[in-house]
Amino acid sequence: MAGRIIIDTERCKGCGLCVTVCPKNSIVISKHSNKTGYFPAQSAPSVVVGAKNTECTACCLCAIICPDVAIEVHRDNTTIVDKPGKKTKPNLVEEKT
Amino acid sequence: METVFKRTPTLKDSITHYCPGCGHGIAHRLIAEVIDELGIRGRTIGIAPVGCAVLAYDYLDVDMIEVAHGRAPAVATGMKRTNPDKIIFSYQGDGDLASIGAAEILHAAHRGEQITVIFINNAVYGMTGGQMAPTTMIGQVTATSQKGRTAAGQGYPLQVCELLAVLPGAIYIERCSLSSPAQIRKTKKAIKHAFELQLNGTQGLSLVEVLSPCPTYWRMTPAKSMEWIDNEMTKVFPLGRLKDVTCAT
Amino acid sequence: MCGNEALAEAAIVAGCDAYFGYPITPQNEIPAYMSRRMPEEGRVFVQSESELAAINMVFGASATGKRAMTSSSSPGISLMQEGISYLAGAQLPAVIVNVMRGGPGLGNIAPSQSDYFQATRGGGHGDYRTIVLGPSTVQELVDCMPLAFDLADQYRMPVMVLADGILGQMMEPIVLEKKTRRKLPSKDWALTGANGREQNIIRSLWLPEGALEQLNYKLQAKYKQIEKNEVLCEQYEVDDAEIVVVAYGVAARIVRSAVDKARAEGIKAGWLRPITLWPFPTEQVSKAAEDFKIFLTVEMSCGQMLEDVKLAVAGKVPVLFHGRPGGGVLTVDEILGKIRQLTIPVKSHPRKG
């Protein structure tokens with residue numbers, strides 16, 4: 001698990017844009033509405049049945065497109081991603097923000 | 001765990017009043033990030049338009065002013081001329097800038113005012129209920145073009161960038177979009193470049209037009225709106241850098 | 001120095017940081033003069049694309065704490081009304097000079113006083129007032145400039161100086177001295193960049209429930225204070241007068257000559273000249289109407305200040321009117337004729353027992 005996103009479910013308005021851009025399809029719209037009545041997005045890598053590898057890679061695409069800046073992205077630099085032996089170099093994903 | 005993406009200080013913590021999937025929220029974030037990266041929060045004054053973004057001062061933590069509909073470029077002129085050391089930017093919608101404020105933006109560019117204009121083009125009047133704007137597309141249904149805009153009846157979509165790019169006073173004109181993370185990154189680069197031009201004192205007006213989704217009044221889902229920008233809007237409003245005096249385009 | 005240039009220099013001496021204007025007769029000398037002098041002083045001059053843009057440039061400069069002014073003539077001032085309402089709502093100081101000309105519509109370029117209603121009642125939207133000064137000599141016009149800037153800064157609102165074509169064009173010797181100014185509040189509300197402080201917001205939109213109502217009450221309280229403290233008025237031989245002629249600005253000068261002549265003929269005439277048109281000298285006029293007199297209001301219009309006089313007199317005594325609209329200039333004789341006609345000895349006054 002190279003990355004993890006935290007979605008502020010009270011801030012999220014359930015627009016679904018993050019769902020469309022996540023390359024790993026690891027974001028879904030929650031079944032439970034938040035206080036204001038929106039159905040917020042939630043990170044659920046394992047939930048998506050049949051997907052090959054839905055692990056978040058901290059690519060930040062979801063956070064970039066989120067109109068409400070409701071997503072915070074964290075990256076764990078120590079783990080190895082995908083095929084063994086292919087080490088994720090910390091600066092693999094060049095600094096975007 | 002290293003944090004690689006979080007809210008930048010100049011973007012206030014308040015939840016915005018914008019509709020789900022609205023582009024204003026993204027544009028606000030880009031501006032806030034650029035202000036923080038350039039470290040100019042203490043010398044920046046922002047101008048909020050009349051439109052959905054009239055409450056921009058609730059989201060951007062810089063000195064802000066809210067002005068009459070369309071008059072931001074004139075107000076910016078008054079501010080910049082008397083405070084050359086401050087960074088003045090105006091944030092305007094298509095109704096604000098291209099319709100009622102067309103004379104103001106034209107003359108601010110014509111005079112080469114040293115200000116930065118962020119022009120959000122979402123092809124409708126949002127705050128007032130989705131009326132037709134000068135940038136509404138042909139055939140687009142709005143509250144005031146209910147059978148779709150026709151060229152014969154309501155003229156053609158107004159291409160502001162092309163209009164202003166011919167003015168010598170306009171030194172940097174670029175049109176970007178918020179339709180995808182890649183486009184959003186380009187938009188941020190453009191906004192940053194516009195601010196930098198003002199920061200290092202280049203004489204002249206810089207304007208960044210941002211094609212922005214308005215799911216509510218386009219009557220589409222946020223995702224569809226993004227596609228509509230790519231497939232339809234960019235046909236009439238081609239993306240790209242129309243003018244940049246600081247480098248050969 | 002002609003009136004227009006004199007008031008421009010007076011504004012510079014009063015510390016005007018920025019002038020924004022647009023050409024319109026009969027005040028063209030102001031932008032012309034400012035375009036030369038302001039750069040000399042290292043200050044800002046911009047000729048805007050319209051009066052509407054000019055007032056909004058004033059709005060911007062004023063919001064950053066600078067002293068800003070604009071000038072125009074009647075039709076141009078009409079274009080500024082939205083901006084003036086915003087200045088009142090956002091509580092921003094500004095000085096606006098209206099060198100009045102014949103109206104309505106394109107009118108003509110002759111002097112007139114037919115913008116009194118627009119100035120004192122407010123031509124923009126919403127419950128707001130602007131302080132309105134009505135000088136009658138070039139020296140007084142010059143004195144009005146520092147006063148206008150001080151009042152604007154002290155009460156954080158737009159102040160209008162009503163001159164007219166005559167005053168703007170005529171030449172009179174003037175004395176320009178740096179008057180000791182009143183103590184003015186600091187402008188910590190100004191937009192100077194949130195450097196080490198909370199952001200400042202200048203706004204006039206108040207959506208939350210009751211917020212705008214509270215703002216209006218705040219404005220009204222300010223206006224009450226102004227009405228109490230800032231009234232300026234001049235009067236001459238009113239106490240024993242049988243007839244009091246009320247006039248302001250250039251009309252008041254013509255009235256002054258007529259009253260002098262009437263006095264020479266033994267007619268007990270006096271005059272009363274409001275200098276602040278808003279706040280209107282209601283008390284002075286009302287006091288003058290305590291014992292029986294005839295009031296004659298004289299204006300270069302169809303009668304606008306007339307209504308304020310009537311309000312102040314409140315029916316105690318008759319209030320009559322004589323005026324010349326559309327750029328017509330009053331003559332001493334015609335006013336003298338009117339005074340004579342109104343003071344033909346009447347056997348017994350209905351009220352006096």
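Below, each value reflects all heavy atoms present in this structure, side chains not excepted, and no hydrogens, waters or symmetry copies. Only a predicted model underlies this, so the values are computations on that prediction, with no experimental measurement involved. Chain A is the first sequence line, chain B the second, and so forth, proteins listed ahead of strands; every chain is numbered from 1.
Residues of residues 213-228 of chain B that come within less than 4.5 angstrom of chain A, heavy atom to heavy atom, are B:Pro222, B:Ala223, B:Met226 in numerical order. For residues 32-41 of chain A, heavy-atom neighbours of chain B at less than 4.5 Å comprise A:Tyr38, sorted by residue number.
Note on A:Gly16, A:Pro67, A:Gly14: by heavy-atom pairs under 4.5 Å with chain B, the leading option is A:Pro67. Considering only heavy-atom pairs separated by less than 4.5 Å from chain A, the leading option among B:Ala27, B:Gly25, B:Pro20, B:Ala182 is B:Pro20. Among the candidates B:Ile184, B:Leu30, B:Leu178, the residue making the largest number of heavy-atom pairs closer than 4.5 Å to chain A is B:Ile184.
Residues A:Cys60 and B:Val4 have side chains in contact (heavy-atom distance under 4.5 Å, counting atoms from C-beta outward). Taking 4.5 Å as the limit, some side-chain heavy atom of A:Asp68 sits within range of a side-chain heavy atom of B:Thr16. Between A:Arg75 and B:Thr3, every side-chain heavy-atom pair lies at or beyond the 4.5 Å cut-off.
The NZ atom of B:Lys6 sits 11.5 Å away from atom CD1 of A:Ile6, with the distance rounded to the nearest 0.5 Å. Rounding to the nearest 0.5 Å places CZ of B:Phe5 at 11.5 Å from NE2 of A:His74. With rounding to the nearest 0.5 angstrom, the OG atom of B:Ser179 is 10.5 Å from the CG atom of A:Leu17.
Of the atoms belonging to B:Ile15, heavy atoms from both backbone and side chain fall under 4.5 Å from chain A. For B:Thr8, no part lies near chain A; criterion is any non-hydrogen pair under 4.5 Å. Interface remark: A:Val69 contributes backbone and side-chain atoms alike to the contact with chain B (heavy atom separation under 4.5 Å). Residue contact with chain B, scored on non-hydrogen atoms closer than 4.5 Å, involves the backbone of A:Ile71 exclusively. Heavy atoms of B:Leu11 lying under 4.5 Å from chain A belong exclusively to its side chain. Looking at A:Cys12, neither its backbone nor its side chain comes within 4.5 Å of chain B, counting heavy atoms on both sides. Both the backbone and the side chain of A:Leu61 come within less than 4.5 Å of a heavy atom of chain B. Heavy-atom distances place the backbone of B:Ser14, and not its side chain, under 4.5 Å from chain A.
Contact between A:Ala63 and B:Arg29 at its shortest, heavy atoms only, is O-NE, 4.2 Å. Taking every heavy atom of both residues into account, A:Val21 and B:Pro181 meet most closely at CG1-CD, 3.9 Å. When all heavy atoms of B:Gly21 and A:Cys15 are compared, the closest pair comes out as N-CB, 3.4 Å.
Between B:Asp13 and A:Arg11 there is a salt bridge, with a side-chain nitrogen of the basic residue lying less than 4.0 Å from a carboxylate oxygen of the acidic one.
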